[in-house]
Structures are given as C-alpha cells and as structure tokens.
2 protein chains.
Amino acid sequence: MASIDDVARHAGVSTATVSRVLNGKNTVSTTTAEKVLAAVNALDYVMSSSASGLASGRTKNIGVVVPELTRWYFTNVVEGIASGLLHHGYDLTVYSLRDGGSARRSVFEQSLLRQRVDAFIAISQELTNDELAKLRALNKPLVGVGGPLPGVHTLSIDDVAVSTEATQHLINLGHTRIAHISGTVEFEADFHLPTNRRSGYEAALTAAGIPIPHDLQAAADFTIPGGYGATQQLLTLGDRRPTAIFVSSDEMAIGSILAIREAGLTVGRDVSVVGIDNYELSDYFGLTTVAQYPQDQGRQAVELLMNVLQPGRPVSTNLITPLTTELLVRSSTGPAPSTDRKTRT
Amino acid sequence: MASIDDVARHAGVSTATVSRVLNGKNTVSTTTAEKVLAAVNALDYVMSSSASGLASGRTKNIGVVVPELTRWYFTNVVEGIASGLLHHGYDLTVYSLRDGGSARRSVFEQSLLRQRVDAFIAISQELTNDELAKLRALNKPLVGVGGPLPGVHTLSIDDVAVSTEATQHLINLGHTRIAHISGTVEFEADFHLPTNRRSGYEAALTAAGIPIPHDLQAAADFTIPGGYGATQQLLTLGDRRPTAIFVSSDEMAIGSILAIREAGLTVGRDVSVVGIDNYELSDYFGLTTVAQYPQDQGRQAVELLMNVLQPGRPVSTNLITPLTTELLVRSSTGPAPSTDRKTRT
DNA sequence: GTGAAAGCGCTAACAC
DNA sequence: GTGTTAGCGCTTTCAC
C-alpha cells in the first residue's frame with residue numbers, strides 16, 4: 001500500500017504538493033500536477049481516509065440514521081443518498097435503529113460520536129430532545145428527510161396537502177361516502193404521519209361540505225395485509241359501505257384492492273381506491289396515487305449537505321424544503337356509482 | 001470534544017493507560033481502570049476513529065458491497081449485518097453498485113481502497129477477476145453471502161438442493177405436469193442462480209421418472225409483475241396447462257398466484273404454486289415456499305468476520321458454509337387434480 | 001502495572 | 001508555485 005511519501009518521491013515533489021493535487025487545490029502548476037497524477041497511477045495510490053481524516057478533520061463520509069432498512073420508503077431514500085454521495089466521492093455509513101432500545105442508545109451514545117462522519121442525514125425519525133442534543137453537540141451538519149426536526153433543515157412532502165389532493169380527486173369523481181384508512185398510533189412517532197394525512201382528508205371533505213363519515217374510519221400498520229384487513233372491515237357494512245377509500249399509503253391501498261377483488265367487487269367501479277407513495281407495485285395494481293420520489297429525496301438531501309460542507313456553495317436559509325409529489329390517476333379510481341347502486345348490488 | 005489527553009489528566013494516568021483500558025487490554029489494575037472509566041464518563045469521551053485507525057490500522061468498520069438496496073433479499077441481509085456489527089461495536093459502510101458501470105468502477109478503484117474498513121462482505125455479487133484481485137490486494141478479510149466467490153469464504157444456500165426439494169414437494173402431491181418459471185439470463189450474473197434452480201427442478205423430475213416438459217418453461221425478472229406475465233403465458237395452454245408451477249422466487253410466485261386467481265382458477269387446487277425465499281408477503285398469500293433467512297445470513301457473516309478479525313477466535317477452514325432453509329407448506333399447494341380435470345374445466 | 005515517546009500518513013500554516 | 005515542518009489523537013514498543 002503506497003503512501004503519500006512514495007508518491008512524492010516517485011514524482012520528485014514534496015508531500016505537500018501531492019496533497020494539494022489530490023485535494024484539488026488549484027495552486028499547483030499543470031505540469032507538476034501531471035507528474036503527480038502519473039505517480040499516483042503508477043503506484044495505484046489511494047490515500048488513507050484515517051490519516052486524511054485525522055489531519056484535516058474531514059472524513060469524506062456521511063452517516064445516515066434510519067429506523068430500519070427493509071421498508072420501501074427507507075431503502076429508496078438510502079439508495080438515493082448512496083447514489084448522490086458516490087458522485088461527490090463520499091462514502092456512506094449506515095446506522096439502523098431497527099433493533100430498538102439498547103441498540104438505539106448505543107448508536108447515539110457511541111457510534112455516532114466516533115467522528116467517523118462529516119455530517120448526518122436522519123430519515124423519518126423523530127428524535128428525542130436528548131438525542132437531538134447529542135447530535136448537535138457534535139457540531140456537524142444534519143439534515144432530515146421525511147419530517148420536520150426542530151431546528152433542522154428538513155426535506156419533507158406536505159402530508160396534509162397531499163392527502164387533501166388525494167381526497168379531492170375522489171370528491172371530483174362524485175364520491176361522497178369516502179372512507180379513510182390511516183396508520184395506527186404507533187406510527188405517530190414518524191412525525192405524526194397518520195394524523196397529518198387524516199387532517200388532509202378531513203379538510204378536503206369539509207371544504208366540499210361533506211360530513212366526515214365516522215363509521216368509515218379504519219387504521220392499519222402500513223402493510224399490505226394490514227390494509228387488506230382494514231378494508232374487509234369496511235366492506236362488511238353492506239349497503240352502507242364506502243364507494244371510495246383514501247388510504248394513507250400504497251402498500252395498505254394494495255391490500256384494499258385485494259380485499260375488494262376478493263369480495264367480488266370491481267376496483268375503480270364499485271369501490272375506488274387512492275393511496276400515497278407510488279410504491280413499486282402500484283403501477284402493476286393500477287393504483288391511483290399521489291407519487292413521492294424517495295430516491296430523489298435522498299439525492300436532494302446529499303446536495304443540501306454538500307452545500308453546507310463545501311464552502312463557497314450556496315446555503316439556503318429556509319429550514320423546510322418541500323418535495324415534489326404528483327397525482328397519478330390509474331384504474332383504481334373512477335366515477336362514483338350511480339345512486340341506484342343499492343338496487344344493483 | 002474531549003481527547004484522550006483530557007481523560008488521562010482527569011484520571012491522573014498516562015494516555016497509554018487510557019488507551020489500554022479502552023481497548024480492553026487486561027494489563028491494567030482494576031482500580032486504575034475504574035478511575036479511567038469514571039473520567040471517560042465524566043467527560044463523555046468517545047475516541048476518534050480516525051486517530052485510532054491511523055495509529056492501529058484498525059478502523060472498527062466493515063464495508064458491505066451490495067448490488068442494490070431495494071430488493072427484499074439484499075436489504076434483509078444488510079439489516080442482519082447491521083444488527084450483528086452493532087453488537088460487536090463495529091460500524092457499517094455500504095457500497096451500493098446500483099448505479100452500474102462507472103459507479104461500480106469508482107467503488108472498486110477508489111472507495112474500497114480508502115482503508116476505511118477492516119474487512120468486506122460481498123452480497124450476491126459475482127465479481128470480475130480484476131475486482132476480486134483488487135479486493136485481495138487490500139489484504140483484508142472478505143466473506144461472501146449468497147453465492148460462491150472463488151477462494152472466498154462464502155455463506156450460501158444450496159440452490160440446487162432447495163429447488164429439488166420444492167419440486168419434490170409437488171411430485172409428492174401427485175403432480176406430473178409441473179412448470180418452471182426461472183430467472184432471465186441477466187440474473188445469471190448472480191452466481192448462476194437461474195441455472196442452478198432449474199437444475200434442481202430437472203433433477204427432481206428426472207429422479208421421479210417424469211420427462212421434463214419443455215413446453216412448460218418460462219422466465220421472468222424476479223418481480224411480481226414478471227411472475228404474473230410468465231404465468232399468464234403458461235395458462236394460455238388451456239387443457240395442456242400445468243397443474244403445478246415451481247417458481248424460482250417468491251416474488252414471482254406471488255405474481256403467479258395473482259395470475260391464476262385472475263384466470264378464475266383456484267390456487268392450490270387447480271394450479272399449485274411453490275416458491276423460494278419466504279418473502280415478507282408469502283405468508284399473506286398462503287404461498288408454499290422453501291424459506292431462507294437473509295437476516296440470519298447477515299448475522300452469520302458478521303460472526304465469521306469477527307472470528308477472523310479477533311485473533312484467538314476459532315477460524316473455520318472450509319470455504320462454504322451451507323445455510324438453513326425450510327419447506328413451509330401453505331395453501332398454494334395441494335394434491336394434483338384428478339385426471340377428469342379436463343372435463344371439469 | 002504504568003509512563004515516555006516515537007510514530008501512524010496525512011494537511012495546513014508558513015516560508016521562500 | 002512549491003517545500004518544510006508542526007501537528008491531528010491515538011497506539012504501541014520499550015523502559016522502569
């Protein structure tokens with residue numbers, strides 16, 4: 001493993017010059033730089049991140065704190081981050097909190113403090129004041145993805161607006177008996193996502209003068225089986241069943257579709273379904289949804305960090321960056337059945 | 001950010017002693033060790049990984065090279081690795097090859113060489129000889145998960161045996177017209193997984209004296225929609241359609257189930273389906289499958305590495321560690337329809 | 001059982 | 001535009 005001294009010797013320059021070339025300082029003459037680069041190639045030299053990190057205080061490594069790695073949203077954000085960082089020559093160290101309590105403590109009290117990274121990205125993770133304080137004490141840039149962290153620059157979709165849009169789509173199609181499947185309370189920890197999405201739903205109904213149907217509310221755990229079960233409940237209402245359902249996530253919405261099919265009804269005709277996400281299977285199931293783009297969100301988070309990390313780049317001052325979403329209308333939503341539905345059933 | 005000197009001063013000892021305590025060298029008296037630990041707590045000291053890494057050559061960080069982060073198998077292996085490493089006080093740096101060509105090159109020629117990690121885990125990744133040589137040149141331990149790498153200790157299920165078991169299950173139920181949906185050729189790069197699983201299928205048929213039905217072969221891309229499409233093809237055969245399908249992965253098998261349902265047939269009665277994996281939705285769909293346990297595989301890979309990394313731990317000598325699998329019989333498989341099926345249809 | 005001191009391989013003043 | 005040199009914060013001989 002060649003060291004910077006080997007390169008310097010091989011190129012006939014000082015180590016300082018080698019360092020300057022490798023760090024892109026443009027105070028080196030083109031000819032010298034070429035000699036250095038030639039030596040670097042000849043020796044297959046790659047600098048030691050430990051040595052560089054110790055001397056400069058910069059590790060060229062970013063830490064990502066994520067609730068778990070196996071859900072669609074999280075993995076896609078992480079994949080986007082990985083892709084973004086690679087472009088900037090940064091590495092990615094992942095801290096999964098999946099194991100819960102003691103693991104979480106060991107991450108916040110040990111791992112994160114090892115000065116292994118230059119900055120952090122926290123994904124969909126409501127942090128305790130104590131944890132936030134620990135992160136801040138490190139005095140390293142921190143950006144959030146997926147929900148607002150107090151005092152932290154965050155990328156987030158507007159959950160309320162997105163839910164209003166989805167519900168409004170159903171209202172526009174003439175639906176009035178619109179059910180809602182939200183997340184169960186344990187997901188409140190993720191930035192009150194269930195509550196925010198319910199608020200958007202209620203706002204749309206209220207604005208349209210439609211009373212909120214309290215008999216048409218259900219909740220599940222953001223999985224396909226969960227959405228399936230919740231929908232089965234809603235379908236037991238017989239004639240009083242909804243003609244449309246706004247579901248808080250696409251995975252649950254796919255569960256709804258499966259339940260509706262199984263009940264012998266036609267999705268998009270007897271019962272319309274709209275979700276949020278544009279999950280990987282949503283297109284396949286013809287699910288109308290408000291799409292969000294987690295991989296782009298990850299890439300954007302990286303750009304945000306690079307702006308902070310690389311002096312000279314513009315730093316935006318507002319703490320919340322709204323993210324792109326888009327209503328994708330597919331076959332799972334259609335006009336409300338005509339009022340003679342009861343007799344047809 | 002307290003340094004080791006601060007701790008040493010606070011405890012009234014030398015930095016060498018602090019280092020010894022923190023690294024678990026048992027050449028320090030209990031009383032001194034306690035003083036040191038007290039100082040560490042008082043100052044909230046956590047050592048700098050760069051400094052420690054530079055001085056010792058050990059980073060307490062493991063690199064994972066993964067084809068992408070968004071597929072069930074990969075994310076679960078990575079989650080298992082993360083969990084295992086956390087227990088050992090190691091961090092996890094992820095290198096996703098998802099972006100393809102140039103990204104892959106930059107990973108192998110730059111990122112991996114930065115001496116940021118003590119060892120590597122390569123997941124389901126057939127490496128070129130060049131890449132393998134680069135990794136070996138680093139002289140760092142390397143273990144593979146998901147397929148055999150030449151000369152590398154690898155954790156792998158026996159794809160042939162597992163496929164034979166799945167097919168045998170169908171044969172035992174009396175099926176003889178058994179179709180196979182395999183992976184398309186582009187997945188051959190993952191250790192010839194399509195070929196191996198097909199071999200197991202053919203071996204089971206041959207052993208049972210059943211000729212291989214060449215009209216009942218299809219291939220797809222390991223996704224639900226892919227399996228759905230392949231199955232639709234198989235069902236166009238009318239009376240000559242299969243009574244059972246062995247599908248190379250659960251995701252595709254779920255696509256099969258959806259296609260069979262949509263054709264108005266009953267899964268497990270008209271057509272049986274068996275897959276491989278025990279994907280997160282397999283239970284929900286009642287899919288019979290040969291389960292594998294990617295999170296455990298990740299944890300096992302970590303233990304293997306720790307044995308190599310921490311001298312004194314036993315190092316196993318055989319290069320391939322077979323992994324646990326288990327046939328889970330659910331409702332998607334049932335006895336072959338009686339031969340009057342044609343008339344019933 | 002403990003301390004002194006020489007690095008580990010870089011970076012960043014500071015000189016020239 | 002380039003070289004000299006003093007650290008960065010640890011680990012690890014080598015003494016004692």
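Per chain, numbering begins at 1; letters A, B, ... match sequence-line order. Worth knowing before you read on, the calculation uses all heavy atoms, side chains too, and leaves out hydrogens, waters and symmetry mates.
- With rounding to whole Å, Lys60(A) atom NZ is found 15 Å from dC10(C) atom P.
- A sub-4.0 Å separation between OP1 or OP2 of dA12(C) and a side-chain N or O of Arg58(A) is present.
- If you measure from atom CZ of Arg9(A) to atom C1' of dT4(D), you get 16 Å, rounded to the nearest angstrom.
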Hey, mind stepping through Ile4(A) and Tyr45(A) against side chain to side chain contact (heavy atoms under 4.5 Å, CB included) and telling me if it holds? CA-CA 8 Å; Ile4(A) 199 173; Tyr45(A) 171 72; 3.7 Å; yes
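- Distance Leu22(A) CG to dT11(C) C1': 12 Å, rounded to the nearest Å.
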For side chain to side chain contact (heavy atoms under 4.5 Å, CB included), just list the numbers for Leu85(A) and Met306(A), CA-CA rounded to whole Å, side-chain angles, deciding distance to a tenth of an Å, and then say yes or no. CA-CA 9 Å; Leu85(A) 289 178; Met306(A) 291 300 137; 3.7 Å; yes
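- The CG atom of Asp6(B) sits 14 Å away from the C1' atom of dC8(D) (whole-angstrom rounding).
- One atom, CG of Asp118(B), and another, C1' of dT11(D), lie 14 Å apart when rounded to the nearest Å.
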Take Glu303(A) and His87(A) through the side chain to side chain contact (heavy atoms under 4.5 Å, CB included) test and state the conclusion after the steps. CA-CA 10 Å; Glu303(A) 291 312 312; His87(A) 276 106; over 6 Å; no
Annotated protein contacts, base or backbone, on nucleotides 1-9 of chain C with a non-hydrogen cut-off under 4.0 Å, one of B, S, - each: SBBB--BBB
Give the C-alpha distance, both sets of side-chain angles, the deciding distance and a yes or no for salt bridge (Lys or Arg N to Asp or Glu O under 4.0 Å) between Asp130(B) and Lys134(B). CA-CA 6 Å; Asp130(B) 198 44; Lys134(B) 281 218 162 58; 3.8 Å; yes
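- One interatomic measurement links the two molecules: CG of Leu113(A) to P of dC10(D), which rounds to 13 Å at whole-angstrom precision.
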Working for side chain to side chain contact (heavy atoms under 4.5 Å, CB included), residues Tyr293(B) and Gln300(B): CA-CA 11 Å; Tyr293(B) 305 95; Gln300(B) 269 185 266; over 6 Å; no
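- No hydrogens or angles considered: nothing links the side chains of Arg98(B) and Ser83(A) as a donor-acceptor pair under 3.5 Å.
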